[in-house]
Amino acid sequence: MLFKKTKDEALNIHERARKKYNDTVSELNKACADLYDSRTKSKECIAKVEELVNSIANTPREFKKTFEMVHVAVKKFNETENYARESLKNAREAGVNVAAGVGTGATVASLAPSAMMWVATTFGTASTGTAIANLSGAVATKAALAWLGGGALSAGGAGVVGGQALLAMAGPIGWGIAGATAAVSASALGIKNKQLADKVIEEAREITMAGAKLKDTVAVVNNLKMETNLLLNQLSKQYEDYYHLWGADYTTIPSENQIGLGAMVNNTRSLGELLNKTVGDMNAG
C-alpha cells in the first residue's frame, strides 16, 4: 500500500515523542507539588521560629524589623494561594474546560485545589493587583477565566510553560493525531498516507520542542526546591538548637547564642523570600 510504511513509521515517531512529553509532564507535576509542599512546611517553620524569638525578652530591634519583612512575604504567599483557590472556584462555577483543543477534554472540576495552588505559587498569578476574593459576580468569573486561560500567566512572564503546566494538571496532553482514514482508491490512499505522515512528523517535532522546554522548567523547579529544602532544614535545626532559650532574656544569654539567634532570624528572612520566588525569577537570575 502506497506510503503505508512511511505513515506507520511516522506514527511510531509521534507516539514516542508524545510519550516522552507526557513523562516530562508527570515530572513537572511532581516537582511543582514537592516544591509547594516544601513551601507549606517553610511557612510553618517560620511561624515557629517567630514564636520562639518573640518569647525572648529584650531582643534587638533589628529582629522585629526582619520579621516585619517576613510577614510581608508570608502575606504575599497566602494571597497567591487565595487567588488560586478563588480562581478555581469561579472557573468551576462557570464550567470552564481548561483542556479544550488538546485532546483530554478535562474540565476544571477534575483539578485538585492543591494543584491549582502549586501552579500559582510556582509560576505566578500575574493578577491585576485585585484578588479575586475581593471581586464578585461576572467580574470575578472573568478574572478567573483570564487566569485559567493563560493570558494573565503570559502577561506575568510565565508564558507558554505556565500555560502548559496548568493544562498538565488535567492530565497528559493527547495532541491531535488519531490515525489514518480510509481511502477510496490505492492512489488516493497513497496521497493521504503521505500527507498524514508529513503532518505527523511536523507535530512530533512540535511535541519534542515543547517537551524540551518543559524539561528545562523541571530542572529550574527542582533547583528552587533544593534551595528551599536546604534552607528549611537549616532553619529547622537552628530552631531545635535554640529552643532551650524559650522565655530567656536576650541580654543575659551567652554571646554565641546571641549570634546564633541572629543567624536564625536572617535565615527566616531568606526562607520567607524564597516563598514567592517563581520560575520566571529563576530564569531571569
Side-chain angles (χ1 to χ4, degrees), residues 1-34 91 95-112 115-116 118-119 122-123 145 147-155 157-223 279-280 282-283:
M1 197 175 291
L2 294 177
F3 294 108
K4 182 180 184 302
K5 183 177 180 181
T6 301
K7 180 205 71 175
D8 290 343
E9 289 176 350
L11 286 172
N12 285 334
I13 291 171
H14 183 281
E15 176 59 23
R16 289 196 297 271
R18 187 187 65 82
K19 183 181 184 303
K20 188 174 181 179
Y21 176 90
N22 288 340
D23 288 344
T24 304
V25 165
S26 297
E27 286 183 52
L28 179 62
N29 284 4
K30 184 179 186 307
C32 291
D34 288 347
V96 179
N97 184 339
V98 298
V102 293
T104 65
T107 65
V108 173
S110 67
L111 305 181
M116 181 66 85
W118 67 241
V119 168
T122 303
F123 296 95
L145 298 186
W147 189 76
L148 283 166
L153 284 169
S154 297
V160 174
V161 172
Q164 287 173 331
L166 181 58
L167 294 175
M169 296 189 309
I173 296 176
W175 298 86
I177 300 298
T181 57
V184 176
S185 66
S187 175
L189 181 59
I191 295 172
K192 287 181 179 293
N193 281 343
K194 180 65 168 63
Q195 290 174 341
L196 178 62
D198 290 343
K199 182 179 179 182
V200 166
I201 290 298
E202 177 58 31
E203 189 170 279
R205 186 180 296 111
E206 293 177 3
I207 293 172
T208 300
M209 291 173 62
K213 290 180 180 179
L214 279 187
K215 198 74 174 178
D216 289 342
T217 303
V218 171
V220 172
V221 173
N222 279 331
N223 284 338
V279 166
M282 294 288 283
N283 286 331

What one should report as the nearest heavy-atom pair of Ala17 and Ala204 is CB-O, 3.9 Å
One should read off an interatomic distance between Glu203 CD and Thr208 OG1, to the nearest 0.5 angstrom, of 10.5 Å
Note: Val221 and Cys32 closest approach over all heavy atoms is CG1-N, 3.9 Å
query: Asn29 and Trp118: side chain to side chain contact (heavy atoms under 4.5 Å, CB included), yes or no, with the steps?
result: CA-CA 9 Å; Asn29 284 4; Trp118 67 241; 3.6 Å; yes
Residues Gly211 and Thr24: closest non-hydrogen pair is O-CG2, 4.0 Å
Tightest non-hydrogen contact, residues Ala10 and Val200, listed as O-CG1, 3.0 Å
Practice item. Considering only NZ, NE, NH1 and NH2 on the basic side and carboxylate oxygens on the acidic side, decide whether Arg205 and Glu202 come within less than 4.0 Å. Key: yes
Measuring only between side-chain heavy atoms, which start at C-beta, is Asn222 closer than 4.5 Å to Val218?
yes
**Glu15 with Arg18: basic N within carboxylate O range, under 4.0 Å** = yes
Rounded to the nearest 0.5 Å, the CG atom of Asp216 sits from the CG atom of Leu28 at a distance of 11.5 Å
Rounded to the nearest 0.5 Å, the CD atom of Glu206 sits from the CD1 atom of Ile201 at a distance of 12.0 Å
Value for NZ (Lys7) from NZ (Lys199), rounded to nearest 0.5 Å, stands at 14.0 Å
